[in-house]
Amino acid sequence: MKFGILIQEGPYNHQASDSAYNFILASLAKGHEISGVFFYNDGVINTTKLMDIPADDRNISKRWSDLGAKGVQLIVCVAAAKRRGISQNVLIENARIDGLGQLSELCIESDRLVTFGD
Amino acid sequence: MKFGILIQEGPYNHQASDSAYNFILASLAKGHEISGVFFYNDGVINTTKLMDIPADDRNISKRWSDLGAKGVQLIVCVAAAKRRGISQNVLIENARIDGLGQLSELCIESDRLVTFGD
Amino acid sequence: MLHIVNKSPFKFRNLDSCLRIAKDDDPIMLIEDGVYAALPGTTLDRMMKEALKTHSVFAIQADLKARGVDRIIEGIQVCDYSCFVTLVEKHVPYSWL
Amino acid sequence: MLHIVNKSPFKFRNLDSCLRIAKDDDPIMLIEDGVYAALPGTTLDRMMKEALKTHSVFAIQADLKARGVDRIIEGIQVCDYSCFVTLVEKHVPYSWL
Amino acid sequence: MEETKPRKIMFVNRKAPHGSIYAYEGLEVILIFGAYDQEISAVFLDDAVLSLKKGQDTTELGTKGFSATFRVLESYGVEKRYVDKESLAQRGLTEDDLVVDVEIVDAAALRKVMGEQDVLLPF
Amino acid sequence: MEETKPRKIMFVNRKAPHGSIYAYEGLEVILIFGAYDQEISAVFLDDAVLSLKKGQDTTELGTKGFSATFRVLESYGVEKRYVDKESLAQRGLTEDDLVVDVEIVDAAALRKVMGEQDVLLPF
């Protein structure tokens, strides 16, 4: 099946980002397709490449970028990003900033849409 | 009196930042001193100069920077900032990145410490 | 001690915790979504009236107006930020986040 | 419909709302702090046992382990992420945020 | 999945306005979705019924108000707008307190309509 | 305010671990504060008692664990560590379930000690 993922919270502050990531890995392992990950609200903070993480902890933005490199679409809401200081200049590789219409597309083309948030 | 302020949430996503700002203005108007504003947890996101806000809405990071220009100490927790991609390069003017020890100092030297968060 | 409550009492149990711990005569300051506790005729009406017997309860005017809460439980005092500051002058604050 | 609950039922009323709206036989997936609802002998014990009469209730293993919840209410099913995915295959999910 | 059939997409709003941005950002999404030819509906449950309360004025707070925008939902293609009866009652509100025309429904009706959706979006 | 007298600073922890970062970041603050010569204490109330539960293992989750760190609070100068009795009972826990030696107190005792502080920090 095709799964769309909506993430509404920033990394580290809430577990939403971790749960979404674990859910996506399990979905791919079972042969499902991830039609896209949409970052909304504070979720956009997942996609800054400026994170500087202690060596003993996971690097959440790098993890997303690596997933993008494997072909998973990473879409960052432009309006939410602007409010929170996320722009093209600080964006991780393999993600793109785009409009809310992309979330609508994701809802239309995915068999399931799963939301992770606070 | 001397008031220290602790902000634990990011701008826009939660009202914490607005409440703190309104509380500070009222305190200054009554002749109190703000001994410092400490940004912790997602609160550090208040201090990115990369915010791009619609013309009809308040610019929260600019508001903090202006308050800093008037002599209010703005202290951004270094550990929390690193996790969230806030570094010297993106920091608003009149704020500084510093350690948690500064929060301790603020608790010691302030008559009251007021926390705004989620 | 000044108890600051900023969460809707319909979704969060923060106000319940606050009322369990607050000492008699400790004032309670409702801010942000916490001001919804001032709505009259709700399922929390009795709890609030009970609280008013032993506590002064204040609600931020700007927060009430923003939320269209124009009628409030009798006894709850409308308070601007300046009044909030006065309460902090007098009491050590704790925010029930 | 699959009901996903990620909040501690001791601090938030999300699980109460979920149980009020969930249709009989709709499965409930406890994730993140939501898995605390699986703790036995709590003040919510009766509510959970009542819920188990009409719903399958699942809790993410990794979340239970992270929180040291090694004993859980009888009838609640421990579920890994793969099992969570299977539930999403079968049901339209809604997260009670 | 049939590509040609419009999808039933429901916004399930549960959060209070102003204290956090979710209600506002959720509304922005609804307005965008209305432009797509899908079956869009919105439910206001729990604290989200407070978003529809009349008389909201954020001027003094210094933040953006948005309650008036709920009035345009219908013209944006959001055909069904439900409000949970019990959520209103719990908060001491009645239909007269709301800024929009909505359908007040009980838990049974809500349960049924939520069960018919292809996508349920929480805000 | 007397500059020379140590201040009574209390960490009032109320949030569950792992679902959000507050409990962890709160602990980091406590450890830093211990280095200053003040009267530092910590209270675990409501969901924060869950932070002290034995047997937490975040390996499978892929996140950082920190419950063991609570054991060093005493050596970091956090002399008083209180746990609310009712919060434990509500969650079906007893003193034996906890990773640290703490003082279990009732609401009356908590009310008293909280009322004696100069600073109350919520986490």
Side-chain angles (χ1 to χ4, degrees), chain A residues 1-46 56-58 60 63 67 72 77 80 103-104 106-118, chain D residues 1-18 21-23 26-39 56-69 77-97:
Chain A
M1 288 176 99
K2 282 177 159 183
F3 293 160
I5 307 290
L6 170 59
I7 298 182
Q8 296 192 344
E9 288 301 319
Y12 305 106
N13 219 66
H14 290 278
Q15 205 191 326
S17 178
D18 294 292
S19 297
Y21 183 74
N22 286 326
F23 181 85
I24 288 168
L25 291 191
S27 298
L28 293 172
K30 296 194 79 173
H32 295 296
E33 182 190 332
I34 300 297
S35 39
V37 183
F38 193 89
F39 297 93
Y40 195 42
N41 300 91
D42 267 6
V44 301
I45 300 161
N46 278 280
D56 63 342
D57 201 357
R58 67 216 186 278
I60 292 184
R63 208 161 67 173
L67 202 62
V72 173
C77 172
L103 176 58
S104 180
L106 212 55
C107 290
I108 294 167
E109 73 181 27
S110 307
D111 297 295
R112 296 281 185 265
L113 196 287
V114 194
T115 306
F116 295 90
D118 179 33
Chain D
M1 189 175 162
L2 173 68
H3 301 265
I4 303 170
V5 176
N6 78 331
K7 286 285 165 286
S8 162
F10 300 104
K11 179 154 194 219
F12 297 81
R13 301 186 204 274
N14 294 358
L15 181 59
D16 309 54
S17 292
C18 166
I21 298 296
K23 197 184 286 186
D26 276 358
I28 296 169
M29 179 82 244
L30 304 173
I31 74 169
E32 304 173 4
D33 289 344
V35 303
Y36 284 125
L39 277 171
S56 310
V57 180
F58 301 85
I60 295 274
Q61 185 171 38
D63 283 318
L64 291 167
K65 281 190 179 172
R67 290 162 181 81
V69 182
Q77 298 166 65
V78 177
C79 178
D80 59 14
Y81 285 102
S82 177
C83 144
F84 183 8
V85 171
T86 304
L87 286 164
V88 172
E89 288 167 12
K90 292 182 185 155
H91 307 272
V92 172
Y94 175 67
S95 301
W96 290 84
L97 303 180

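All figures in this text were calculated on a predicted structure; none of them were measured in a lab. Below, chains carry the letters A, B, ... as their sequence lines are ordered, and counting in each starts from 1.
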- Option in A:Ala29, A:Ala16, A:Ser19 with maximal non-hydrogen atom pairs under 4.5 Å from chain D: A:Ser19

- Proximity breakdown for D:Asp63 and chain A, heavy-atom pairs closer than 4.5 Å: side chain

- Query: At a heavy-atom separation under 4.5 Å, does D:Leu2 approach chain A through its side chain, its backbone, both, or neither?
  - Reply: neither

- Ion pair check, A:Asp18 and A:Arg58, cut-off under 4.0 Å: yes

- If one checks every heavy atom of A:Leu25 against chain D at 4.5 Å, the contacting part turns out to be neither

- Task: Answer yes if the side chains of A:His14 and D:Glu32 hold a donor-acceptor pair under 3.5 Å, and no otherwise.
- Result: no

- Can you find a heavy atom in the side chain of D:Glu89 that is under 4.5 Å from one in the side chain of A:Phe3? yes

- Task: Kindly write out the residues that satisfy side-chain hydrogen bond (donor to acceptor under 3.5 Å, both in side chains) with A:Ser27, not counting sequence neighbours, or none if the list is empty.
- Result: none

